[in-house]
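Letters A, B, ... mirror the listed sequences (proteins, then strands); counts begin at 1.
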Number of protein chains: 2
Amino acid sequence: MTIRLLIVDDQELIRTGLRLILETQEDFEVVGEAADGREALARAEELRPDVVLLDIRMPRMDGVETTAHLTADGPTPPPRVLILTTFDLDEYVFGALRAGAAGFLLKDASRERLIEAIRVLHAGDALLSPSVTRRLVEAFAGRIRPPTPPGLLNALTPREREVLVLVARGLSNTEIAGRLVVTEATVKSHLGAVLAKLGLRDRVQAVVLAYENGVVVAGEPA
Amino acid sequence: MTIRLLIVDDQELIRTGLRLILETQEDFEVVGEAADGREALARAEELRPDVVLLDIRMPRMDGVETTAHLTADGPTPPPRVLILTTFDLDEYVFGALRAGAAGFLLKDASRERLIEAIRVLHAGDALLSPSVTRRLVEAFAGRIRPPTPPGLLNALTPREREVLVLVARGLSNTEIAGRLVVTEATVKSHLGAVLAKLGLRDRVQAVVLAYENGVVVAGEPA
DNA sequence: CCGTCCCTCCCCCCGGGGGTGGAGGACAAC
DNA sequence: GTTGTCCTCCACCCCCGGGGGGAGGGACGG
């Protein structure tokens, strides 16, 4: 069973270069090429490739937007999208992954890695350049900037930290009191201690601090 | 310049196997071994390895907790942690990455990939097994996606969105009024509209929603 | 045993924030 | 012109949330 490929890049030289590399593999078949995003969508619809190799920087429609269309309202089942680019800028990486890309390789990758990436994607997994993986891991771990974890945060008592988390979930003092099975007066004094220790004005700033320092993380369930 | 390695696994067979593989590389030096997490922490403190190969399942202290100690309150600079495990269960993967691991390989990986991973980690980047990469990408794309991006948020007028952002920065109505050069009354009515449209109770919940839906992003400057 | 820390709770005060119900002007669309 | 939306602002009321200041009991360590 062959893997059907669509190559999308605005530079013809790159396209043919890729085609030559990829056609060395018996089970690869380059079914088409496209020079920009719009054309890529049309080709994908008509040729039903398994994997689409996509450049980020293209006229008319860039790679991120193209990815979004391919994975959202494109052919069903959607093709696997492998981003190929010279730049690993954050906005590209995160944008592309958010849009549904399954792979992200820099153009300085070896041909072996490119071929491996296509096989990996076709198998349903994902493969990224090491530097991209690093960014993603860092973003996930949220440890890119842990500015105040030990300094101020561990000045809080366990109970105070607990209150802070609930405040950061958007709960009112009454609700927090209910959740912790104490009176509202207690919650207020705990929260008062938190604000004083962290040098904050009100609970709103406490919420901001909680998110900025990873006390709570966007996307995690309560 | 050699790369100093510490091998941590509760099974001696695995440890010596790894050692044999790794010592084929001229620039690798296995400086020590440990059979569990506690021992690993002590060895790391004394031997200062560049990269620690860590099994997840170990007696006394598991790999995730060990990772957290190594990267947080361990030696400075902290070693790069490469998780080696037979299982790619979600709780392991996410826990380890959150704790500060830079790599995550399944034990069925080829020796070439293992060696490559160590080099990549030592260079400051990250490397994961394809299946793990897939989970991470999905978690990343899926987490920040589904909440309420267009549905409710684009019901807001530009001005209302602007107010929401400032609220999410922790500003009071008076401060927002100053920033936008309007009266506080105006800010209040805008904010009132935001709360009504989004079905929120108070500005605190607005902050939470802003973070959860990417209206503002932790770590971004104001 | 006594000091310290933490958790718990109370009272009083009051200011900011949110809810209600408007009103007027600018501007685009119909 | 008329309608609608958006931005701007006003007055009023009320209550939650935060500050001040204090107090009692349990746990822990010196």
Euclidean distance, atom NZ of residue A:K188 to atom C1' of C:dC11 [Å, nearest integer]: 10 Å
CD-CG distance between A:E65 and A:D62, expressed to the nearest 0.5 angstrom: 6.0 Å
B:L200 CG - C:dG19 P separation (whole Å): 10 Å
Shortest non-hydrogen contact between A:A96 and A:T67, atoms and distance: O-CG2, 4.1 Å
A:D202 CG to D:dG19 P, straight-line distance once rounded to whole Å: 9 Å
A:E45 side-chain N/O to A:A42 backbone N/O, donor-acceptor pair under 3.5 Å: no
Rounded distance (Å) that lies between atom P of C:dC6 and atom CD of A:E162: 15 Å
C:dG17 phosphate, OP1 or OP2, under 4.0 Å from B:N173 side-chain N/O: yes
Write down the protein N/O and nucleotide N/O pairs, taken from nucleotides 4-10 of chain D, whose separation is under 3.5 Å; answer none if there are no such pairs.
{"residue": "D:dC7", "atom": "OP1", "partner": "B:T157", "partner atom": "OG1", "Å": "3.4"}
{"residue": "D:dC7", "atom": "OP1", "partner": "B:R159", "partner atom": "N", "Å": "3.0"}
{"residue": "D:dC7", "atom": "OP2", "partner": "B:T157", "partner atom": "OG1", "Å": "2.5"}
{"residue": "D:dT8", "atom": "OP1", "partner": "B:R159", "partner atom": "NH2", "Å": "2.9"}
{"residue": "D:dT8", "atom": "OP2", "partner": "B:R159", "partner atom": "NE", "Å": "2.9"}
{"residue": "D:dT8", "atom": "OP2", "partner": "B:H190", "partner atom": "NE2", "Å": "3.0"}
{"residue": "D:dC9", "atom": "OP2", "partner": "B:T183", "partner atom": "N", "Å": "2.7"}
{"residue": "D:dC9", "atom": "OP2", "partner": "B:T183", "partner atom": "OG1", "Å": "3.1"}
{"residue": "D:dC9", "atom": "OP2", "partner": "B:T186", "partner atom": "OG1", "Å": "2.5"}
{"residue": "D:dC9", "atom": "O5'", "partner": "B:T183", "partner atom": "OG1", "Å": "3.2"}
{"residue": "D:dC9", "atom": "O5'", "partner": "B:T186", "partner atom": "OG1", "Å": "3.3"}

Whole-Å distance separating the CG atom of B:L191 from the P atom of C:dT20: 14 Å
Donor-acceptor pair, side chain of B:N173 and main chain of B:I176, under 3.5 angstrom: no
For atom CG of B:L195 and atom P of C:dG17, their distance in whole Å: 12 Å
Heavy-atom donor-acceptor pair, A:S129 side chain to A:L106 backbone, under 3.5 Å: yes
Gap between atoms CD and P, on A:E175 and D:dC15 respectively (whole Å): 18 Å
Value in whole Å for how far the C1' atom of C:dG18 lies from CD1 of B:I176: 13 Å
Side-chain N,O (A:R201) to OP1/OP2 (D:dG18) below 4.0 Å: no
Enumerate all atom pairs, one protein N or O and one N or O from nucleotides 24-30 of chain C, separated by less than 3.5 Å.
none

Atom pair CZ/CG of A:R15 and A:D55 - distance to nearest 0.5 Å: 10.5 Å
A:T186 side chain vs A:A177 backbone, donor-acceptor pair below 3.5 Å: no
More than 12 heavy atoms of other groups within 6.0 Å of A:R57 CZ: no
Within 6.0 angstrom of B:R201 CZ, more than 12 heavy atoms from elsewhere: yes
